[in-house]
Amino acid sequence: MTEALSAGFFARSVHEVAPDLIGVTLLVDGVGGPIVEVEAYDSTDPASHAFRGRTPRNAVMFGSPGRAYVYRSYGIHWCLNLVCEEEGSAAAVLLRALEPTHGLDRMRARRKLDEVRLLAAGPGRLCEALGVTREHDGLSLDRPPFVLVPRSAEPEIVAAPRIGITRAVDQPWRYGLKGSRYLSRALPRA
DNA sequence: CAGTGGATGCTCT
DNA sequence: GAGCATCCACTGT
């Protein structure tokens, strides 16, 4: 039996939660592995979906922390966020990559790809590998199909500017596991 | 390697 | 009608 994340884990500043998620193991229906790359988005952030206020798409971001916010990206991919802070804060962490360790066969089948390094190296790839879709939007992270397992040791974390955005491009709110080969893109050299 | 462009759907202006 | 919190295939060194 695995221990769950503490109840208040997500009820903190998104800027604290984001780096704390590096090394946490995410499973969706038993498929996943340790998170190696995330990005933080807060409500004052022009790059955030919530910046211009509540809409049908981003409604979950404005709800209680500890739930999944899933949206479609570029018409093709899904992206998974974990809602943080408190009701109305509209802050969330985008999951950008994890190390595939659980359910490799299911990930390979969904991704139609053998190479482990690329199974979940990117927000769209991660969702495809784990089978995350709109059906998961709004679901609590402390119940099936989600499982979050705390990390056992402090990882070495590198902060860097975020990827794929056009506003607030200089904020260093991307966090990655130093030296990981499962990132969506290499981290800047230290 | 780097750079470019197409696919595709939905949200918001 | 524009613009995406993307990925992949393809081109050219």
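Below, chain A is the first sequence line, B the second, and so on; all start at residue 1. Only heavy atoms go into these numbers, but all of them, side chains included; no hydrogens, no water, no symmetry mates. Just so it is clear, the structure is predicted and the values come from calculations on it, not from any experiment.
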Grab the N/O contacts between the protein and nucleotides 10-13 of chain B below 3.5 Å, and write none if there aren't any.
{"residue": "B:dC12", "atom": "OP1", "partner": "A:Thr55", "partner atom": "OG1", "Å": "2.1"}

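For A:Ile76 and B:dG6, the CD1 to P distance is 13 Å, given to the nearest whole Å.
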Under the side-chain hydrogen bond (donor to acceptor under 3.5 Å, both in side chains) criterion, do A:Ser140 and A:Arg67 qualify, and how do the steps go?
-> CA-CA 4 Å; A:Ser140 285; A:Arg67 298 201 289 164; 5.5 Å; no
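Side chains of A:Phe146 and A:Leu26 form a contact here, defined as non-hydrogen atoms less than 4.5 Å apart.
In summary, the side chains of A:Glu37 and A:Ser184 do present a donor paired with an acceptor at a separation below 3.5 Å, with no hydrogens or angles considered.
Screening residues 154-167 of chain A for side-chain hydrogen bond (donor to acceptor under 3.5 Å, both in side chains), with sequence neighbours left out, gives A:Asp45-A:Arg162, A:Arg151-A:Glu154.
Scanning for side-chain hydrogen bond (donor to acceptor under 3.5 Å, both in side chains) contacts around A:Glu99 gives an empty result, with sequence neighbours left out. Qualifying salt bridge (charged side-chain N to carboxylate O under 4.0 Å, His left out) partners for A:Glu85, counting only residues two or more places apart in sequence or in other chains: none. Residues forming a salt bridge (charged side-chain N to carboxylate O under 4.0 Å, His left out) with A:Arg12 (at least two apart in sequence, or on another chain): A:Glu16, A:Asp20. Residues meeting the ring pair (Phe, Tyr, Trp, His ring centres under 6.0 Å) test with A:Phe62, sequence neighbours left out: none. Qualifying ring pair (Phe, Tyr, Trp, His ring centres under 6.0 Å) partners for A:Phe10, counting only residues two or more places apart in sequence or in other chains: none.
Using a 4.0 Å cut-off on heavy atoms, none of the residues of residues 33-43 of chain A approach DNA chain B. For the segment residues 161-168 of chain A, residues with any heavy atom less than 4.0 angstrom from an atom of DNA chain C are, sorted by number, A:Gly164, A:Ile165, A:Thr166, A:Arg167. Only at 4.0 angstrom or more do the heavy atoms of residues 95-126 of chain A sit from any atom of DNA chain B, so none qualifies.
Residues A:Glu128 and A:Arg111 are paired through a salt bridge, judged by an N-O separation under 4.0 Å between the basic side chain and the carboxylate.
The strand DNA chain C forms stems, runs of 3 or more Watson-Crick or G-U wobble pairs with distances below 3.5 Å, at B:1-7 with C:6-12, B:9-12 with C:1-4.
Chain A approaches DNA chain C over the interval C:dC4 to C:dC8, counting the first and last nucleotide 5' to 3' with an atom under 4.0 Å from its heavy atoms.
Aromatic ring centres of A:His49 and A:Tyr71 lie closer together than 6.0 Å.
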